[in-house]
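Report on the structure given below.
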Number of protein chains: 2
Amino acid sequence: MTDEEEFLAGYDPSRYPAVAVTVDVVALTIRDGVPHVLLVERGRPPFQGLWALPGGFVKVGAEDLDTAAARELAEETGLETPGRVHLEQLATYGDPGRDPRMPVVSVAYLAFGPTMADPQAGSDASDAAWVPVPSLGLTASGAQPPGATRRLAFDHARILSDGLERARGKLEYTPLATAFLPEVFTIPELRAVYECVWGEALHAGNFHRKVLSVPGFVEGTGQTTASGGRRGGPRARLYRSGDARLLHPALLRPGTEDGVR
Amino acid sequence: MTDEEEFLAGYDPSRYPAVAVTVDVVALTIRDGVPHVLLVERGRPPFQGLWALPGGFVKVGAEDLDTAAARELAEETGLETPGRVHLEQLATYGDPGRDPRMPVVSVAYLAFGPTMADPQAGSDASDAAWVPVPSLGLTASGAQPPGATRRLAFDHARILSDGLERARGKLEYTPLATAFLPEVFTIPELRAVYECVWGEALHAGNFHRKVLSVPGFVEGTGQTTASGGRRGGPRARLYRSGDARLLHPALLRPGTEDGVR
DNA sequence: TATGTTGTACTCATATTGAGTTTTACTCAT
DNA sequence: ATGAGTAAAACTCAATATGAGTACAACATA
C-alpha cells in the first residue's frame with residue numbers, strides 16, 4: 001500500500017463541516033431595446049416571495065460547474081443552453097451569512113442569449129420571468145433601493161450588478177454582442193445591442209465602419225432584409241458572426257474616458 | 001414564529017453530502033526580469049513531493065473568500081498581504097475528481113507583489129519557494145510536459161496558466177503593473193515589468209510617451225535615481241502609482257493583432 | 001579620457017478616431 | 001401616385017494615436 005492509498009483509506013469526509021456549493025446564473029437578453037434578466041420568484045423560505053437568480057445546488061464530484069449551471073438554467077426555467085446561449089463563469093461569492101440556512105459558496109455564471117420565449121416556472125420557483133433590468137433600480141455599487149417593486153433575495157443584487165459590468169466590458173473586446181442576436185443580423189441591430197448594454201447612443205457611421213474593419217467580427221451573407229426599416233430607409237445587409245474570439249482592435253466605449261479613477 | 005424561522009428550525013445541514021471549499025493562490029512576482037510563482041512542496045498525500053499553489057480549506061460561514069485567500073497566503077508562506085500585494089479573485093474550479101480525497105471546489109486567487117524575501121515553509125508544506133515560471137514549461141493550453149523538473153499537483157498547472165493569462169490582460173487596461181514594483185519606480189523599470197509579463201520587447205520611447213500620456217497612471221515625485229544605470233546612462237526620474245483604476249486609452253500589447261481566432 | 005549605454009525628447013509617416021455630409025432606398029400618410 | 005420623412009451605407013476631413021526611427025546629454029566603465 002502506498003502512502004497515498006493509506007491516506008485515502010483513513011480519510012473520513014464526514015469530519016468536515018457542512019458546506020453547500022450552489023450555482024447562480026445571471027441570464028441576460030434584450031427585449032424591445034431594454035436589457036432583461038431571468039429571475040424566479042422564490043416559492044419557499046428563506047426570502048419567500050422575493051425574486052432571485054435561477055440556481056441551485058451543485059452535485060460536486062458528479063458534475064462540473066459549467067454543467068451544473070447549464071442544468072440549473074434548464075431545470076428552473078425550461079430554457080435549453082445548447083442553442084445559441086453563451087455561458088461563462090462570472091465570480092464566486094462566499095461571504096458569511098449570505099444564506100441564513102447554512103454556509104453557502106455560490107459560483108455565479110453569466111449567460112447571454114437572443115430574445116427567447118417566456119420561461120416556465122420550475123421546481124422551487126412559484127414564477128419565472130424575464131425582468132427589465134432598469135425596473136430593479138440597481139445602483140452602481142450593486143445595492144437596491146428600499147422602494148423597488150421587485151426585491152432581490154440573498155446578495156443577488158450585487159451578483160447581477162457584477163454580471164452587468166462584466167457584460168459591458170465583454171462587448172468591448174469580444175464579439176459576444178452577437179450572442180444577443182439571432183444567427184443572422186444587421187449592423188444596426190448589432191449597434192442596438194451595444195447601445196442598450198452600454199446605455200449610450202453610438203455614432204451609426206463610425207460603428208458601421210469599425211465593425212466591418214475588425215477582422216473576423218462579422219461576415220456577410222450576401223443577403224439583405226426583406227424590407228426596409230419600420231419607419232423607412234433602405235434594406236439592411238445581413239451578416240452572421242465571424243470566427244474571431246477577440247476583437248482587435250477593441251471597440252472601446254466612449255464614456256469611460258477618465259471615468260473610473 | 002414566521003415561516004422563515006420555522007424553516008430554519010427544521011433545517012438539517014448534515015443531510016448534505018460532504019464537500020470541501022478551498023482557496024488556491026497564484027502569487028506572482030518578478031525576480032531578475034523573470035516571472036516567478038510561489039509554490040509549496042506537498043509534505044503529505046495526495047501528490048506528496050509534487051509542487052502546488054499555496055492554499056487550503058476555507059472556513060465557510062466564518063470568513064469571506066478574500067480573507068481566506070490572504071490568510072492562506074500568510075499561513076503557508078509567512079508573507080503578509082496588507083502591504084503592497086494586490087489580491088483578486090481569479091476563477092473557481094470544481095471538476096469531478098480534481099482531488100482524489102473528496103469532492104472539492106477551489107476558488108483561485110491571483111496575487112501580484114514586488115520582489116519579496118524567500119518564503120518560510122508552513123504547516124502542510126515541506127518547502128516553499130518562488131519558482132521561475134519558465135522552468136515549469138507550461139504549454140499554452142495549461143498542460144505540463146511529462147519531463148518537467150517540478151511537476152504541479154492537482155489541476156494547478158491549468159490554474160497557473162489561467163492566472164498568467166489574466167495577468168497579461170490586466171496589464172493592458174489597468175495600472176496593476178505597478179504592483180510588481182516598489183512604491184517608487186522609474187519608467188524603464190515599469191517597462192521591464194511589461195516586457196517580462198508579455199514576453200516581448202517594447203519600444204522604449206513609445207512606451208515612455210504612452211505611460212506619461214495616460215491620465216492617472218503614474219505621477220512624478222520630482223526625484224531621480226541616485227545614480228545612472230548599471231551600464232551607464234543618465235539618472236532616471238522617479239514616479240509613483242497614480243489614482244487611475246483603469247487605463248484610458250489602454251496599452252495594447254503588440255503581438256495579439258489577429259492572434260486568437 | 002575614450003567608449004559604450006541609456007533615459008528622455010524629438011520627428012515623421014501612417015493608422016485610427018470622432019463628427020459631419022451625401023446618396024440612395026425604403027415606408028407611410030396624404 | 002406623390003411627397004415627406006427616415007435610415008443604411010458610403011464618403012469626407014480634421015484631430016489624435018501609433019510605430020519606427022533619430023538626437024542628445026548624462027552617466028558608468030575601462
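- Between the CZ atom of A:R253 and the P atom of C:dT17 there is a distance of 16 Å, rounded to whole Å.
- Taking atom CD1 on B:I187 and atom C1' on C:dA9, their separation rounds to 14 Å, with Å as the unit.
- Among the atoms of the strands shown, base atoms are found under 4.0 Å from some heavy atom of A:G232.
- Of the residues listed (A:E200, A:E172, A:E195), the one engaging A:R253 in a salt bridge (charged side-chain N to carboxylate O under 4.0 Å, His left out) is A:E172, and it is the only one.
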Give the intermediate values and the outcome of ring pair (Phe, Tyr, Trp, His ring centres under 6.0 Å) for residues B:Y194 and B:F207.
CA-CA 10 Å; B:Y194 276 88; B:F207 181 86; 5.4 Å; yes
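- At whole-Å resolution of the value, CZ in A:F207 and P in C:dG20 are 19 Å apart.
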Checking B:Y93 against B:D24 for the side-chain hydrogen bond (donor to acceptor under 3.5 Å, both in side chains) test, could you report, in this order, the C-alpha distance in whole Å, the side-chain angles of both residues, the deciding distance, and whether it holds?
CA-CA 10 Å; B:Y93 301 82; B:D24 289 314; over 6 Å; no
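- Pairing of C:dT30, defined by two Watson-Crick or G-U wobble distances under 3.5 Å, is identified with D:dA1.
- Judged by closest nucleotide on DNA chain D, B:A250 is the one of B:P234 and B:A250 placed further toward the 5' end.
- Comparing A:R230 and B:R237 by the nucleotide of DNA chain C that holds the closest heavy atom to each, the one mapping nearer the 5' end is B:R237.
- Nearest to the side-chain atoms of A:K210 among the listed nucleotides C:dG7, C:dA19, C:dT17 stands C:dT17.
- Residues A:G233 and A:T186 each lie close to DNA chain D; by heavy-atom proximity, the contact nearer the 5' end of the strand is made by A:G233.
- Rounded to whole Å, the distance from CG on A:N206 to P on D:dC11 is 14 Å.
- Of the candidates A:V40, A:L39, A:L38, A:L39 is the only one forming a side chain to side chain contact (heavy atoms under 4.5 Å, CB included) with A:L53.
- If you take NE2 of B:H248 and P of C:dT16, they are 20 Å apart, rounded to a whole angstrom.
- Checking C:dG18, C:dT27, D:dA9 against the side-chain heavy atoms of A:S227 singles out C:dT27 as nearest.
- Residue side chain B:R209 reaches the base of D:dG19 through a donor-acceptor N/O pair under 3.5 Å, judged by distance alone.
- Taking the side chain of A:H203 as heavy atoms from C-beta on, and the options D:dA25, C:dA9, C:dG20, the nearest nucleotide is C:dG20.
- Between A:G205 and A:R231, the one whose closest nucleotide on DNA chain C sits nearer the 5' end is A:G205.
- Taking only side-chain nitrogens and oxygens, B:R235 never comes nearer than 4.0 Å to OP1 or OP2 of C:dT8.
- The main-chain N or O of A:V34 is found under 3.5 Å from a side-chain atom of A:H36 such that the two form a donor-acceptor pair.
- On a pure distance criterion of 3.5 Å, no polar donor-acceptor pair joins the side chain of B:H208 and the base of C:dG7.
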